[in-house]
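Scroll down for the structure; my scribbles are underneath it.
Everything numeric here is computed off the predicted structure, so don't read it as measured data. So you know, we letter chains A, B, ... as the sequences are listed, proteins then strands, and number each from 1.
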Amino acid sequence: MPKEPVAVVGIGQTKHVSARRDVSIAGLVREAAVRALEDAALTWADIDAVVIGKAPDFFEGLMMPELYLADALGAVGKPMLRVHTAGSVGGSTALVAANLVSARVHRTVLTLAFEKQSESNAMWGLSLPIPFQQPLLAGAGGFFAPHVRAYMRRTGAPDTVGSLVAYKDRRNALKNPYAHIHDPGITLEKVRSAPMLWDPIRYSETCPSSDGACAMILTDRAGADRSPHPPAWMHGGAMRSEPTLFAGKDFVSPRAGRDCAADVYRQAGISDPRREIDAVEMYVPFSWYEPMWLENLGFAEEGEGWKLTESGATELDGDLPVNPSGGVLSTNPIGASGMIRFAEAALQVRGQAGAHQVEGARRALGHAYGGGAQFFSMWLVGAEPPTH
Amino acid sequence: MRDVAIVAFAQSDHLRRTDELSEVEMLMPVLHRVLDTTGLRAGDIGFTCSGSTDYLAGRAFSFTMALDGVGAYPPISESHVEMDGAWALYEAWVKILTGEADTALVYAYGKSSSGEVRDVLTRQLDPYYVGPLWPDSVALAALQAQALIDAGETDETALAAIAARSRAAAVDNPHAQLKGPVPAGEYVVRPLRTGDCPPVGDGAAAVILAAGDTARALCPRPAWIRGIDHRIEAHSLGVRELTRSPSTRLAAERAGAFERPVDTAELHAPFTSQEVVLRKALGLDDSVTVNPSGGALAANPVMAAGLIRLGEAAARIHRGESDRALAHATSGPCLQQNLVAVLEGESAHA
């Protein structure tokens with residue numbers, strides 16, 4: 001029996017900010033969920049199951065928060081699953097929810113991801129105690145900067161590319177009312193002159209720490225027929241994982257990322273992603289990851305990703321817009337960041353992305369990664385239902 | 001819907017402390033054993049899913065190291081739930097139903113000895129109103145036990161008998177941590193005595209799932225999952241009737257547990273009093289063999305104990321000791337979240 005097609009009929013986000021002191025964790029997630037229900041014109045009673053994700057529990061100092069959040073998310077008496085796959089979790093959570101629909105276990109599922117980093121201290125939440133880990137990784141930037149260096153060395157990319165990405169994403173964020181960082185005075189010169197944090201990554205090329213949540217309502221074909229707004233249809237979705245460290249690991253272009261993208265394109269019948277995909281929401285927490293992932297995801301040949309960025313193709317008005325929402329660089333409630341990529345891809349093909357809408361977007365890719373560039377989750381959504 | 005079965009199960013010996021072992025070292029032999037049972041290698045598996053919690057390990061992303069133990073290269077299709085491994089099995093079952101995988105490896109582990117598990121579990125509670133008071137897991141279970149006694153559903157003698165029966169059964173379980181005659185002991189929190197409480201310990205477990213003919217090829221008598229469902233209740237103890245478990249009842253209905261009687265039930269009841277609640281919700285009478293493994297009162301590696309119930313029930317079917325078994329897992333304070341699966345051997349279905 002073929003799988004049930006999966007449609008996105010509701011999307012809700014909170015306004016992402018550094019500290020939402022006006023709401024509890026429960027209040028934050030409920031805000032996103034209610035907006036998704038309103039978008040889908042559904043009520044809590046229409047939801048068959050809840051799938052929730054977030055990054056490490058230490059970020060809020062709360063163990064297995066789905067237990068406490070069951071009431072706020074209308075899950076009482078329903079099945080509730082809690083996914084955790086590091087930074088890719090927002091994407092994985094959506095895929096676990098989508099599987100419930102495509103396997104016909106449930107018809108309509110609420111999926112939600114969040115992070116309320118202001119409740120605790122993410123820096124210490126990530127500081128792994130000796131002897132479990134080498135003591136000096138100095139945050140995520142310290143882990144990823146050497147891999148950016150390796151990319152530059154390998155491809156000969158000039159050191160100006162990273163600032164182009166940051167300048168673009170921060171300008172795109174100005175068009176997205178939910179984005180965290182809104183800097184109307186942004187200039188390329190300001191990006192380039194920001195302090196160096198982890199060479200070659202400047203302060204202006206790093207993601208913020210945000211409080212925020214993102215929710216989606218996924219449903220079957222019958223549910224999509226009742227949707228008051230155009231649904232986004234899932235054409236492919238996949239997860240891939242590989243170990244953190246091993247001899248031969250390619251941190252610049254991990255094989256798990258390449259395999260994951262290839263699986264999604266196979267499911268969606270995409271043979272030339274560069275021409276067949278209209279918009280990409282890519283997980284870019286440090287600006288240099290745009291050219292790196294352009295290669296990893298098959299949009300550019302190996303060594304050519306930075307040229308695509310430099311050409312302006314990834315600008316909002318380019319022919320392959322990347323992160324029209326402003327991306328992770330502008331908004332990073334860690335556990336939600338992957339789901340925001342998936343949801344923004346869906347908004348694009350529904351034609352509901354407002355001022356950051358890519359005109360005529362019919363197919364869009366949502367991408368997330370996590371851990372030591374080892375966990376990947378992606379989906380491809382389209383304006384039309386899948387034909388195979 | 002595709003037929004999916006548990007075709008292999010392995011678990012560690014559950015021990016009070018494993019200071020000399022990392023989580024990966026504790027898990028590795030279990031992964032090898034469950035794969036060896038079927039002859040499969042990590043690369044043959046269609047989907048992998050695990051359950052664990054960072055709060056036991058005392059570090060973020062503890063599951064990423066455990067993944068290294070699987071040997072995830074070339075890259076694998078993989079996911080993780082921050083829940084008991086029983087829910088990882090549920091996610092894997094769904095994945096197989098989509099047709100995207102024919103086999104799945106599911107594992108779970110927990111090292112309670114790394115910290116004070118009674119204190120650690122208080123961090124599950126509402127972080128604004130209840131968590132700051134640090135009510136520990138035994139105290140919360142004692143509230144439930146006292147409510148049962150006040151309602152006339154049980155008494156301390158009956159609870160002691162549950163403990164004695166479980167630990168007598170565990171004598172035949174080579175992996176159990178606590179077995180044989182165990183004194184009722186002193187009160188920990190009234191009305192619960194040490195004998196009513198689970199041992200604190202470390203352990204790991206793994207199962208392999210397979211669909212249809214793949215399952216038949218991998219196992220002489222697969223334990224078919226006839227139904228599986230899970231439900232959650234409100235978090236606040238003040239809005240729940242602690243002597244009942246409506247989520248268990250509903251999950252069991254959805255899993256088809258009441259369509260025909262079961263001969264075996266593996267219940268995830270870390271406290272004697274919780275077995276009373278679960279038996280009532282599931283309508284189990286004395287004709288059903290409950291917790292022949294000794295249950296969570298004999299070994300309770302947090303985050304693996306629920307998956308072990310599914311594994312133990314399946315293993316009895318594999319061995320021909322059961323035709324239709326019920327397996328149950330729980331999560332959260334006082335049985336807040338519950339999963340029920342019904343497993344059958346081939347002959348029971350024919």
Discussion item. Among B:Glu91, B:Gln336, B:His80, B:Glu233, which residue has the highest count of heavy-atom pairs closer than 4.5 Å to chain A?
Written reply: B:His80
Fill in: Lys/Arg N to Asp/Glu carboxylate O, A:Lys54 vs A:Glu66, below 4.0 Å
no
Discussion item. With a 4.5 angstrom heavy-atom cut-off, is it the side chain or the backbone of B:Glu100 that approaches chain A, or both, or neither?
Written reply: side chain
Fill in: Heavy-atom proximity to chain B below 4.5 Å, by part of A:Phe246
side chain
Worksheet item: With under 30° as parallel and over 60° as perpendicular, where do the rings of B:Phe63 and B:Phe61 fit, or are they tilted in between?
Response: perpendicular
Worksheet item: With chain B, which of A:Ser24, A:Gly371, A:Ser92 has the greatest number of heavy-atom pairs at distances under 4.5 Å?
Response: A:Ser24
Fill in: Engaged part of A:Gln374 at the chain B interface, taking heavy atoms whose separation is under 4.5 Å
side chain
Worksheet item: Taking the inter-plane angle between the rings of A:Tyr68 and B:His235 on a 0 to 90° scale, is it parallel (under 30°), tilted (30 to 60°) or perpendicular (over 60°)?
Response: perpendicular
Practice prompt. With a 4.5 angstrom heavy-atom cut-off, could you sort out which part of B:Glu82 is near chain A: side chain, backbone, both or neither?
Written response: both
Worksheet item: For B:Tyr128, is it the side chain, the backbone, both or neither that has a heavy atom under 4.5 Å from a heavy atom of chain A?
Response: side chain
Item to complete: Between chain A and each of B:Arg2, B:Met1, B:Arg123, count heavy-atom pairs under 4.5 Å; write down the option with the most.
Response: B:Arg123
Practice prompt. Please flag which part of A:Glu4 lies under 4.5 Å from any non-hydrogen atom of chain B: side chain, backbone, both or neither.
Written response: neither
Worksheet item: Under a 4.5 Å heavy-atom cut-off, does chain B meet the side chain of A:Val96, its backbone, both or neither?
Response: side chain
Practice prompt. Count the heavy atoms of every other residue, nucleotide or ligand shown that sit under 6.0 Å from CZ of A:Arg104, and state whether that count exceeds 12.
Written response: yes
Response to the item:
Heaviest contributor of heavy-atom pairs below 4.5 Å to chain A, chosen from B:Lys95, B:Gln337, B:Glu23, is B:Gln337
Worksheet item: What part of B:Leu125 is in contact with chain A, defined as an atom under 4.5 angstrom from a non-hydrogen atom: side chain, backbone, both or neither?
Response: backbone
Worksheet item: Given the rule in the salt bridge (Lys or Arg N to Asp or Glu O under 4.0 Å) test, do A:Asp220 and A:Arg107 qualify, once you have shown the distances and angles that lead to the verdict?
Response: CA-CA 6 Å; A:Asp220 58 7; A:Arg107 303 191 68 168; 2.8 Å; yes
Worksheet item: Around atom CD of B:Glu25, are there more than 12 heavy atoms of other residues, nucleotides or ligands at under 6.0 Å?
Response: yes
Fill in: Contact class of A:Phe59 relative to chain B, heavy atoms under 4.5 angstrom
neither
Discussion item. Please check if the number of heavy atoms outside A:Arg258 that lie under 6.0 Å from its CZ is greater than 12.
Written reply: yes
Worksheet item: Parallel, tilted or perpendicular: which describes the rings of A:His367 and A:Phe376, with under 30° parallel and over 60° perpendicular?
Response: tilted
Discussion item. Shorter than 4.5 Å, heavy atoms on both sides: which option in A:Val76, A:Leu67, A:Val50 has the most such pairs with chain B?
Written reply: A:Leu67
Item to complete: Counting only heavy atoms closer than 4.5 Å, note whether A:Asp57 contacts chain B via side chain, backbone, both or neither.
Response: both
Practice prompt. Could you tell me whether the side chains of B:Ser62 and B:Asp54 share a donor-acceptor contact shorter than 3.5 Å?
Written response: yes
Discussion item. Ignoring hydrogens and geometry beyond distance, is a side-chain donor-acceptor pair present between A:Ser241 and B:Glu78 at under 3.5 Å?
Written reply: yes
Discussion item. Taking CZ in B:Arg254 as the centre, count heavy atoms belonging to other residues, nucleotides or ligands within less than 6.0 Å. Is the count above 12?
Written reply: no
Item to complete: Counting only heavy atoms closer than 4.5 Å, note whether A:Leu95 contacts chain B via side chain, backbone, both or neither.
Response: neither
Worksheet item: Top residue by heavy-atom pair count (under 4.5 Å) with chain B, among A:Leu100, A:Leu62, A:Asp259?
Response: A:Leu62
Worksheet item: What part of B:Leu67 is in contact with chain A, defined as an atom under 4.5 angstrom from a non-hydrogen atom: side chain, backbone, both or neither?
Response: side chain
Worksheet item: Going by distance alone, is a donor N or O of one side chain under 3.5 Å from an acceptor N or O of the other, for A:Asp211 and A:Ser118?
Response: yes
Worksheet item: Is A:Lys249 positioned over the aromatic face of A:Phe251, cation under 6.0 angstrom from the ring centre and no more than 45 degrees off axis?
Response: yes
Worksheet, complete the sentence: Bottom line for B:Ser331: the part with an atom under 4.5 Å from chain A's heavy atoms is both
Fill in: Ring centre gap for B:Trp93 and B:Tyr90 strictly below 6.0 Å
yes
Item to complete: Look at B:Val120, B:Asp126, B:Val130, B:Leu97 and state which one has the largest set of heavy-atom pairs under 4.5 Å with chain A.
Response: B:Asp126
Discussion item. Out of B:Gly71, B:Pro74, B:Gly69, return the one with the most heavy atom pairs under 4.5 angstrom to chain A.
Written reply: B:Pro74
Item to complete: Please look at A:Asn99 and chain B and tell me whether the side chain, the backbone, both or neither of the residue comes under 4.5 angstrom of a heavy atom of that chain.
Response: both
Fill in: Residues A:Arg240, A:Asp263; criterion salt bridge (Lys or Arg N to Asp or Glu O under 4.0 Å); working and verdict
CA-CA 9 Å; A:Arg240 286 293 183 281; A:Asp263 191 1; 2.8 Å; yes
Item to complete: Output the option from A:Met64, A:Glu242, A:Arg82 having the highest count of non-hydrogen pairs under 4.5 Å with chain B.
Response: A:Arg82
Worksheet item: Looking at A:Gly372, A:Gly61, A:Ala26, which has the largest count of heavy-atom pairs under 4.5 Å with chain B?
Response: A:Gly61
Response to the item:
Residue from B:Ser79, B:Ser50, B:Ser247, B:Pro127 scoring the most non-hydrogen pairs under 4.5 Å with chain A is B:Pro127
Fill in: Region of B:Leu250 that comes under 4.5 Å of a non-hydrogen atom in chain A
side chain
Worksheet entry | Top contributor to chain B contacts, counting heavy-atom pairs under 4.5 Å, from A:Ala86, A:Pro65, A:Ala238, A:Ala70 | A:Ala86
